[in-house]
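Report on one structure; see the data block that follows.
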Amino acid sequence: MQQTLIVILGPTGIGKTDLSIDIARELGTEIISSDSRQIYKELKIGTAVPSDDQLQKVKHHFIGNKSIYDYYNASMFEFEVLDLLNELYKTYNQVVMTGGSGMYINAVCDGIDELPTIDMQLRNDLLQKYHDEGVESLRIQLKMLDPQSYQRIDLKNPKRILKALEVTIQTGQPYSSFLTRPKKKRPFHILKIGLQRERDELYQRINVRVDQMVHDGLVEEARKFFKDRHLNSLNTVGYKELFEHFEGKISLNKAIELIKRNSRHYAKRQMSWFNRDQEIHWFHPEKEKNIMGFIKSKIK
RNA sequence: GGGGAGAUACCAAAGUGGCCAACUGGGGCAGACUGUAACUCUGCUGGCGCACGCCUUCGUAGGUUCGAAUCCUGCUCUCCCCA
């Protein structure tokens, strides 16, 4: 039997968790989470991690195994997951991976180029320059140092320019020269299952879930990390809005409203990302029998 | 009952004779995205062809004018103050 990675993806709130657990149980295997925020042990309620009960049913990996104070990125995820898969495939022929972080999923399925880790000092210096002199000066610098990236990058997006500059300056070689975009060969098959619902239905689920999170103590969870709000890991829907509230800028109700809206926006961005991927087989999350049947037909 | 203010596209809100299919923000829709990515960024948003263009809009019915969201009149509704 061939070894297969069954990837269950879709926007936030679509119903990945329940389905993945059912599939993993049916196949008698384990689950790898591909969610860039559920990975942080401090963020439970706001990232909708599986319940203790659910975690009991199937062994999950990459949930709560990092701290918000750690540095982490998609490349690290790629290597850690590949290592883990190497182990898991000694026991299982199929492993389920589920989550909504498109770049993390791509890193595992296709790989991403090797880039150096950026020196914090350099990063801060460039950020300072950006704040002092604006994007235009970053553009000029990039055009000089790496004309190719200048051509290719979204010049209206400061984060993307910053990234290119960081790599170029740190290594002395243009950022563009690192981007070979190889689709790395994986020693296992990949089967992508995409989940989709009617837009209204999805948005309704998101709204209900946010209310549930608040009921479950999201506000208190966020308050614990108010002091750390500058951390990137906390630049996350469900937390950043509450930080605004704690700062007295908006009411609690307004914050909750914004969490719902920003979750919808996030879901839309996820859909845009996944829509490009021609390898995805789309299903309604409640068509579980169809999905199971499809998976079984593919792994035999 | 008297006085005042106002009715603009999904919402909020500019515009007060031609440069207005109508600023701006929100929402919505579409999209980009190879590294802190639940980030960051872009476009569209009256209809039709979607480039030029054409058609129907600014409570409603009339009127003035070459020309009105913008001026005048009636009507309807909303809000505020006095009774």
Side-chain angles (χ1 to χ4, degrees), chain A residues 9-14 16 33-40 43 45-49 66-80 99-118 120 123-124 127 130 135 138-139 149 152-167 170 175-184 199-200 202-203 206 209-210 213 218 222 228-242 250 254 257-277:
Chain A
L9 67 269
T12 188
I14 196 79
K16 297 186 289 294
S33 165
S34 50
D35 185 301
S36 72
R37 298 295 133 128
Q38 289 186 358
I39 208 163
Y40 297 119
L43 312 183
I45 299 170
T47 61
V49 295
K66 304 287 176 203
S67 165
I68 55 172
Y69 304 104
D70 295 336
Y71 175 83
Y72 201 66
N73 65 39
S75 179
M76 295 162 79
F77 183 73
E78 175 188 355
F79 287 107
E80 289 180 22
S101 299
M103 191 155 66
Y104 280 39
I105 294 170
N106 284 4
V108 171
C109 294
D110 304 327
I112 53 179
D113 290 303
E114 297 261 353
L115 291 178
T117 300
I118 304 303
M120 278 314 283
R123 173 161 293 174
N124 290 334
L127 218 63
Y130 168 51
V135 240
L138 295 183
R139 284 196 202 113
S149 290
R152 204 150 76 179
I153 281 179
D154 175 4
L155 295 172
K156 289 187 173 160
N157 191 334
K159 278 216 166 179
R160 301 283 130 83
I161 303 178
L162 245 9
K163 182 73 208 167
L165 280 176
E166 284 171 357
V167 173
Q170 171 141 336
Y175 174 64
S176 48
S177 69
F178 290 89
L179 306 184
T180 58
R181 287 177 189 272
K183 188 165 174 177
K184 292 181 195 164
R199 191 64 60 91
D200 289 351
L202 175 63
Y203 285 1
I206 287 173
R209 192 168 75 163
V210 170
M213 286 174 179
L218 177 60
D228 301 312
R229 60 189 177 283
H230 62 279
L231 294 174
N232 177 75
S233 50
L234 289 171
N235 185 189
T236 299
V237 176
Y239 298 89
K240 58 183 175 186
E241 298 85 357
L242 286 170
I250 57 176
K254 180 70 179 171
E257 200 179 294
L258 287 176
I259 292 172
K260 290 174 182 173
R261 184 200 68 183
N262 290 339
S263 295
R264 294 196 295 271
H265 288 177
Y266 172 49
K268 176 58 186 75
R269 273 178 273 129
Q270 289 175 298
M271 290 187 268
S272 285
W273 180 290
F274 294 134
N275 279 157
R276 307 194 270 197
D277 191 337

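Protein chains get the first letters and strands the later ones, always in sequence-line order, with residue 1 at the start of each.
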Between [X] and [N], is there a contact of a side-chain N or O with OP1 or OP2 at under 4.0 Å?
X: His265(A); N: C29(B); result: no
X: Tyr266(A); N: U40(B); result: no
X: Lys268(A); N: A30(B); result: yes
X: Arg269(A); N: G31(B); result: no

Give one of base, sugar-phosphate or nothing for [X], where a contact means two heavy atoms less than 4.0 Å apart.
X: Tyr203(A); answer: sugar-phosphate
X: Asp35(A); answer: base
X: Tyr175(A); answer: sugar-phosphate
X: Tyr239(A); answer: nothing
X: Ser101(A); answer: sugar-phosphate
X: Thr47(A); answer: base

Next on the checklist: With hydrogens left out and only the distance checked, is there a donor-acceptor pair under 3.5 Å joining Arg160(A)'s side chain and the base of C39(B)?
Outcome noted: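 In this structure, the two groups form a donor-acceptor pair.
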Whole angstrom value for the distance that separates [atom2] of [N] from [atom1] of [X]:
X: Leu127(A); N: U40(B); atom1: CG; atom2: C1'; value: 13 Å
X: Ile118(A); N: U34(B); atom1: CD1; atom2: C1'; value: 13 Å
X: Leu138(A); N: U40(B); atom1: CG; atom2: P; value: 17 Å
X: Leu162(A); N: C41(B); atom1: CG; atom2: C1'; value: 13 Å

Taking the minimum atom-to-atom distance to the side chain of [X], which one of [options] wins?
X: Asn275(A); options: G31(B), U40(B), U34(B); answer: G31(B)
X: Arg199(A); options: C39(B), U34(B), C29(B); answer: C29(B)
X: Lys156(A); options: G43(B), C39(B), U34(B); answer: G43(B)
X: Leu115(A); options: U40(B), U34(B), G28(B); answer: U34(B)
X: Lys159(A); options: G26(B), U34(B), C39(B); answer: C39(B)
X: Ser272(A); options: C29(B), U34(B), A32(B); answer: A32(B)

Checklist entry - Roughly how far apart, to the nearest Å, are U60(B) and U76(B) at atom P? => result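 Those two atoms are separated by 16 Å.
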Checklist entry - Expressed as a whole number of Å, how far does the C1' atom of G43(B) sit from that of C50(B)? => result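 Their C1' atoms lie roughly 15 Å apart.
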Item to check | Structure string for RNA chain B in dot-bracket form, Watson-Crick and G-U at under 3.5 Å, | interchain | outcome: ((((((((.[[[..)..(.....]]]((((((.......))))))(((....)))...[[[[[..)....]]]]]))))))).
Checklist entry - Do Ser272(A) and Lys268(A) have a side chain donor and acceptor closer than 3.5 Å? => result yes
Item to check | Minimum side-chain heavy-atom gap Met103(A)-Trp273(A) below 4.5 Å | outcome: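 Yes. Closest side-chain heavy atoms under 4.5 Å.
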Item to check | Residue whose nearest RNA chain B nucleotide is more 5′ - Met213(A) or Glu114(A) | outcome: Glu114(A)
Item to check | NZ/NE/NH1/NH2 to OD/OE distance under 4.0 Å, Glu241(A) and Lys260(A) | outcome: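 Salt bridge absent between Glu241(A) and Lys260(A).
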